[in-house]
Structures are given as C-alpha cells and as structure tokens.
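Below, read A as the first sequence line, B as the second, and so on, with proteins coming before strands; counting in each chain starts at 1.
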There are 2 protein chains.
Amino acid sequence: MKQPDPEDAAVAGTSSLCPTCVEWRCGVGSLLTPDEARQIAAVSVRRQVPAGTELMATPNLRDSCIALLRGVVKVSRLLTDGRQQIVSLKSAPDLLGAPFAPPGEVSVRAVTEADIYCVPRHAFEAVVRQNRGLEHRLHLRALEDLSEAEALLLTLGRKTARERLATFLLDMAGRFRPAEIGKRCDTLDPAYDHDTLDLPLTRAEIGDFLGLTFETVSRQFAALRRDGLIDFSDARRVSVKDRKRLRSAAGT
Amino acid sequence: MKQPDPEDAAVAGTSSLCPTCVEWRCGVGSLLTPDEARQIAAVSVRRQVPAGTELMATPNLRDSCIALLRGVVKVSRLLTDGRQQIVSLKSAPDLLGAPFAPPGEVSVRAVTEADIYCVPRHAFEAVVRQNRGLEHRLHLRALEDLSEAEALLLTLGRKTARERLATFLLDMAGRFRPAEIGKRCDTLDPAYDHDTLDLPLTRAEIGDFLGLTFETVSRQFAALRRDGLIDFSDARRVSVKDRKRLRSAAGT
DNA sequence: TGCGCGTTTTGATCCAGATCAAGGCGAGCG
DNA sequence: CGCTCGCCTTGATCTGGATCAAAACGCGCA
C-alpha cells in the first residue's frame with residue numbers, strides 16, 4: 001500500500017512521536033501517514049493497563065479513540081442478566097473505537113495487559129477532517145470490520161459447536177503465534193511454527209465469542225484433538241495438525 | 001440533516017434525473033446532494049426485478065452498487081450445504097453494495113418485487129472520490145451497519161428463540177407498516193396504526209435471519225400471541241399488543 | 001369451482017448443547 | 001512448602017430447539 005518511507009527515522013526523532021508510535025502507525029496497516037501520526041501523537045496520552053481493565057469504564061477513555069500498541073482486547077455486547085457476546089477481538093496493532101461512531105452499548109475490556117494510546121475523539125476527528133486520505137482508509141477499515149462481523153453472524157446463526165471451534169481456530173491461526181501474545185510486533189522469523197498458536201482467551205471467553213458454554217468449548221477441543229485435527233501442549237497452546245481437515249470441519 | 005432544498009424541482013426536471021431518483025436521494029437519508037444525485041443518475045440504469053431474483057447472479061449487477069427504490073432485499077451468507085444466514089435486511093430506500101467494499105461472499109436476493117437503480121461501481125466510486133462529503137456520509141453509514149450487525153450477533157449468540165422473535169418484531173415495527181410493502185415512500189399519515197406491521201418475510205426467512213427453523217418461528221409466534229404480547233390478523237400481519245412486555249421479552 | 005403448490009400450523013420424537021456436579025491442575029503467595 | 005483461587009476437564013442429566021410428519025390454509029390458475 002504505502003511506500004516504506006525513509007521519513008520514519010526522522011519522524012521518530014522529532015518532538016512527541018516515539019518509536020512505538022511509529023511501529024503502531026506501520027502496524028495498523030498503513031492507516032496513518034507520518035504526518036498524520038505526528039498530528040495525532042501531539043494530542044495523545046500513552047498508558048499501560050492490566051488484564052481485565054474495562055476501558056469504557058474510565059471516563060476520559062469513553063471519549064477517546066484507543067490505539068492498541070500491545071495486547072489483546074475484547075469488544076462485547078451485554079444483556080442485563082450478564083449474558084455477553086464478544087463482537088470482535090482486537091490485537092495490537094489496531095484501533096479501537098472508530099472516529100465518528102456513536103458511543104453504542106459496548107464493553108471494551110483488556111484480555112491481556114495492554115499498552116494503549118488514547119486519542120481524544122474530537123481531536124482525532126479533527127485530524128480526520130483535514131486528511132481526506134485518512135478518512136478513506138478508516139472507511140475501508142469499517143467495511144472490513146463489517147465483513148468480519150457478517151462472517152461471525154454465519155458462524156453463530158448456522159454452524160454446529162464443532163464447526164464453530166474449527167472456524168475459530170483457523171481464524172486465530174497466524175494471528176497468535178506462540179509466545180508472541182503481548183509482544184509488540186510480529187517479526188517475520190522463519191523459524192516460527194506457523195501451525196502453533198497461543199490462545200489469548202480462556203475457555204469461557206471463547207464461549208462468549210462463539211455463543212457456547214465453556215464446557216462445550218472444552219469438549220469440542222477434546223474431540224478435535226481425539227480426531228487428530230489439532231493437538232495441545234497445554235490448555236492454551238494449540239497446534240494445527242491437519243489444516244485441510246480442520247478447514248472442512250469448519251464447514252467452508 | 002439537509003435543508004429541504006427548493007432545487008429539487010429543478011433537478012427533477014433536468015436531463016437524466018427522474019422524480020423517483022429524487023425521492024431515492026431524499027429517502028436514502030440525505031446520502032446524496034442534488035448535484036451528486038445528478039452525477040450518479042447520469043451513469044445509472046433503472047430496472048424492475050421480480051421477487052426471488054438473485055441480484056449477484058446477474059453479471060453486470062455484480063459490478064454495480066444498487067439503489068433500492070422499492071421493495072425488500074435480503075443479504076445472506078451461505079454454507080456450501082445450503083444453510084444460510086441472512087446478514088441484513090434492506091428496505092427501500094437504501095443502498096446495496098457499498099462503494100469500495102471488496103466483492104465478498106454474499107447473496108443478495110429480492111424478497112419482494114423491487115425497483116432498483118444500478119450504478120456501475122467504478123463510476124460510483126469516481127463520484128465519491130470527487131465528493132468529500134459523500135465519502136463521509138458513506139463512512140457513517142458503514143459504521144451504522146456495523147453496529148446493527150453487532151446487535152444481531154448478540155441476538156444470535158446469546159438469546160433464546162422467544163427473545164429472538166421479540167427482538168425481531170420490535171426491529172420490524174415501524175419499518176413495515178401495513179400494506180406499505182412495495183410502496184415507494186412512507187407517507188406520514190397519522191391514520192396509520194403504529195403497532196401493526198406486515199412482515200415481508202416468510203417463516204423460513206425469519207428463521208434464516210434469526211438462526212432458527214421455520215417451525216420454531218411459527219411456534220414462538222403462537223406463544224407470544226397466547227401470552228397476549230402480539231396478535232395476528234393473518235400469518236403476515238402482526239399487531240403489537242403490549243409493547244412494554246414485548247420489549248422485556250426481547251431481553252433488553 | 002376445483003386443483004396444485006407453497007406456506008403455515010401443530011403434534012411427536014430426538015438430540016446437540018446446556019446445566020449441574022465433581023475433581024484436577026498450576027500459579028501466585030503467606 | 002501447603003493453601004487458595006482461577007481455570008480446565010470430564011461425567012451425568014436435562015431441555016430447548018431441531019427434526020420428522022401430517023394436516024390445514026390460502027391463492028393463483030385452468
């Protein structure tokens with residue numbers, strides 16, 4: 001997409017833009033140009049939050065867009081009696097809380113310890129208004145999120161428990177390489193085992209993502225293991241043993 | 001939103017912009033300014049399609065954005081074995097197939113007879129590129145669609161059959177006033193019964209929307225009726241008898 | 001007017017996944 | 001250490017919704 005610009009080094013050196021922000025800018029998928037990154041960095045605050053933090057509970061975060069620099073965050077919708085549905089899972093680097101989106105009834109909670117960058121919403125929106133290209137990139141991103149949500153709708157509405165788990169594993173594969181949870185960037189080290197991943201979620205959270213109970217998640221994992229499609233070295237570390245069969249178990 | 005501009009009459013009279021297009025422009029929620037409407041009308045083709053038409057099957061529609069002028073359309077995702085999940089229900093006036101969205105694995109099928117306006121995708125995108133404000137409005141619309149999809153995720157992932165049906169009815173209420181299916185615009189006639197609606201979908205389609213079978217849809221409708229929350233004059237025409245209890249049956 | 005077909009209702013039965021229950025395992029910690 | 005507290009597994013049972021089956025209801029059409 002964007003040229004790997006030599007301006008980066010210079011940017012990192014200037015004023016308020018730290019190296020991490022540069023990484024974020026790159027990692028977020030060329031969302032920001034160096035100039036946009038600079039403008040946004042100028043009005044932002046960096047924080048570290050422990051696992052389990054509800055970000056929307058912190059008052060001044062409610063009015064911020066949040067750049068996720070490190071860690072994993074779950075976005076859920078809740079029913080009054082406590083039932084919840086995880087609506088999307090965000091891993092660094094990503095952006096939480098789109099500019100221009102009305103506040104909405106969601107909970108945003110750190111799954112792991114996380115480093116975040118808080119951008120006051122109105123300031124972010126002001127930057128967007130000045131940068132036509134940025135709005136276009138945000139627009140495209142919203143459309144991608146929509147497409148992801150639709151895929152999850154199909155999973156929740158029409159797939160069996162086994163198919164949901166297989167779908168979930170394929171979705172996670174590649175996203176969470178082992179021991180990289182909490183790391184800032186995926187280095188492209190060829191030594192990495194592409195078929196092994198560390199799940200960032202508990203069984204209960206996977207259930208909240210897939211519309212199942214944690215017992216069913218556990219049992220279906222056990223079944224997929226028995227059938228030789230996957231294996232576990234411990235509860236969180238999975239290896240995909242037979243991608244082809246796993247894919248067919250996901251029901252297309 | 002937009003000022004009710006006196007330019008309309010003039011626009012309607014000029015060249016290629018017909019009165020219906022003006023209505024579409026207004027109805028779509030101020031998506032287009034008169035000038036944008038004119039530009040888009042200049043490159044579009046109007047068609048009428050019978051109920052059941054698969055729009056994405058028509059080759060040149062695959063590369064179009066579709067303005068829905070009259071009728072109801074369902075957007076679904078399919079599994080190879082025929083299971084399907086309706087991902088969104090569009091009623092006139094609305095826009096199908098967002099500019100810039102990658103083609104994606106969806107089926108778009110007319111539920112009722114429909115009048116549509118086909119805008120070649122690249123031409124639409126060209127217009128958008130020239131109109132900063134239009135892209136912003138499309139961006140906001142994508143965020144709304146995303147929010148709707150998230151609400152449906154909660155419904156599919158965590159609600160019981162009864163809650164799903166109650167949620168569905170509240171969602172439809174107001175959207176489909178009786179005998180207005182297929183009409184072009186909702187006139188604000190105070191005589192209308194605000195609590196009665198004509199369902200545009202069959203029981204099977206409602207099932208495909210809510211992740212249920214048509215038998216379960218039928219039975220839960222019967223149960224809600226027995227409990228006095230709703231009533232049917234025929235299979236398609238529902239009246240909400242007790243909105244408060246229906247809302248609580250929807251599980252918030 | 002009666003036929004045929006898609007839709008809807010309702011009944012009977014089945015089963016995938018929920019619920020209830022009991023241990024086990026591992027990590028932090030006094 | 002040994003304890004506690006989350007997490008995870010596994011078993012037994014229950015149940016909401018699926019599946020299978022049949023009949024009734026329109027509605028367009030000959």
Side-chain angles (χ1 to χ4, degrees), chain A residues 50-52 74 79 81-85 109 111-113 155-168 181-182 198-227 230-238 249 251, chain B residues 50-52 74 79 81-85 109 111-113 155-168 181 198-226 230-238 249 251:
Chain A
K74 60 180 176 180
L79 255 19
D81 61 5
R83 282 174 286 172
Q84 74 168 292
Q85 176 62 46
R109 190 178 291 268
V111 167
T112 62
E113 184 182 78
T155 298
L156 296 188
R158 289 309 187 194
K159 290 190 187 176
T160 65
R162 181 186 175 91
E163 289 168 333
R164 292 183 205 201
L165 266 299
T167 303
F168 173 74
I181 298 175
D198 274 349
L199 299 173
L201 302 180
T202 65
R203 301 293 187 256
E205 286 169 324
I206 296 172
D208 285 338
F209 190 61
L210 297 176
L212 300 169
T213 61
F214 66 89
E215 295 98 324
T216 298
V217 171
S218 182
R219 274 188 257 268
Q220 293 297 337
F221 271 159
L224 290 170
R225 180 188 205 176
R226 265 199 312 281
D227 297 346
I230 59 173
D231 200 9
F232 287 91
S233 50
D234 72 69
R236 296 300 190 95
R237 180 161 298 182
V238 210
Chain B
K74 60 179 175 179
L79 256 16
D81 61 5
R83 282 175 287 173
Q84 75 168 291
Q85 175 63 46
R109 189 177 292 269
V111 167
T112 63
E113 184 181 77
T155 298
L156 296 187
R158 289 310 188 192
K159 291 190 186 177
T160 64
R162 182 186 173 93
E163 288 169 332
R164 293 182 204 201
L165 266 301
T167 304
F168 173 75
I181 299 176
D198 274 349
L199 299 174
L201 303 180
T202 66
R203 300 293 186 256
E205 287 169 324
I206 296 171
D208 285 337
F209 190 61
L210 297 176
L212 301 169
T213 61
F214 66 87
E215 294 99 322
T216 298
V217 171
S218 180
R219 272 188 257 268
Q220 293 297 337
F221 272 159
L224 289 170
R225 179 188 207 173
R226 263 200 314 280
I230 60 173
D231 201 9
F232 287 91
S233 49
D234 72 69
R236 296 299 192 94
R237 179 160 301 182
V238 211

Problem - B/Gln85 to B/Leu210 - nearest heavy-atom pair and separation - result: NE2-N, 4.4 Å
[N] [atom2] sits how many Å from [X] [atom1], rounded?
X: B/Arg83; N: D/dA18; atom1: CZ; atom2: P; value: 13 Å
X: A/Ile206; N: D/dC7; atom1: CD1; atom2: P; value: 13 Å
X: B/Phe221; N: C/dT10; atom1: CZ; atom2: P; value: 13 Å
X: B/Arg225; N: C/dT8; atom1: CZ; atom2: P; value: 14 Å
X: B/Asp234; N: D/dC27; atom1: CG; atom2: P; value: 7 Å
X: A/Phe232; N: D/dT9; atom1: CZ; atom2: P; value: 7 Å
X: A/Arg203; N: D/dT10; atom1: CZ; atom2: P; value: 10 Å
X: B/Leu156; N: D/dG17; atom1: CG; atom2: C1'; value: 15 Å

Handout entry: Heavy-atom side-chain proximity of B/Phe221 to B/Ile230 below 4.5 angstrom
Key =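 Sidechains of B/Ile230 and B/Phe221: in contact.
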For the atom pair [atom1] ([X]) and [atom2] ([Y]), what is the distance rounded to the nearest 0.5 Å?
X: A/Arg164; Y: A/Lys159; atom1: CZ; atom2: NZ; value: 9.5 Å
X: A/Gln220; Y: A/Asp227; atom1: CD; atom2: CG; value: 9.5 Å
X: A/Asp208; Y: A/Leu201; atom1: CG; atom2: CG; value: 9.5 Å

Exercise for the section: Can you check each nucleotide of nucleotides 17-22 of chain C against protein heavy atoms at under 4.0 Å and return B for base, S for sugar-phosphate only, - for none, in 5' to 3' order? Expected result: SSBB--
Practice task
Report the residues that fulfil side-chain contact (heavy atoms from CB on, under 4.5 Å) with B/Arg83, sequence neighbours left out, ordered by chain and then residue number.
Solution key: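 If we apply the side-chain contact (heavy atoms from CB on, under 4.5 Å) test to B/Arg83, skipping adjacent residues, the hits are A/Arg158, A/Thr160, A/Glu163, B/Leu79, B/Asp81.
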Exercise for the section: Would you indicate what A/Arg236 reaches in the nucleic acid, counting non-hydrogen atoms under 4.0 angstrom: base, sugar-phosphate, or nothing? Expected result: sugar-phosphate
Handout entry: Residue B/Thr202, side-chain atoms from C-beta onward, closest of C/dT8, D/dC7, D/dT10
Key =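 Looking only at heavy atoms from C-beta outward on B/Thr202, the closest nucleotide is C/dT8.
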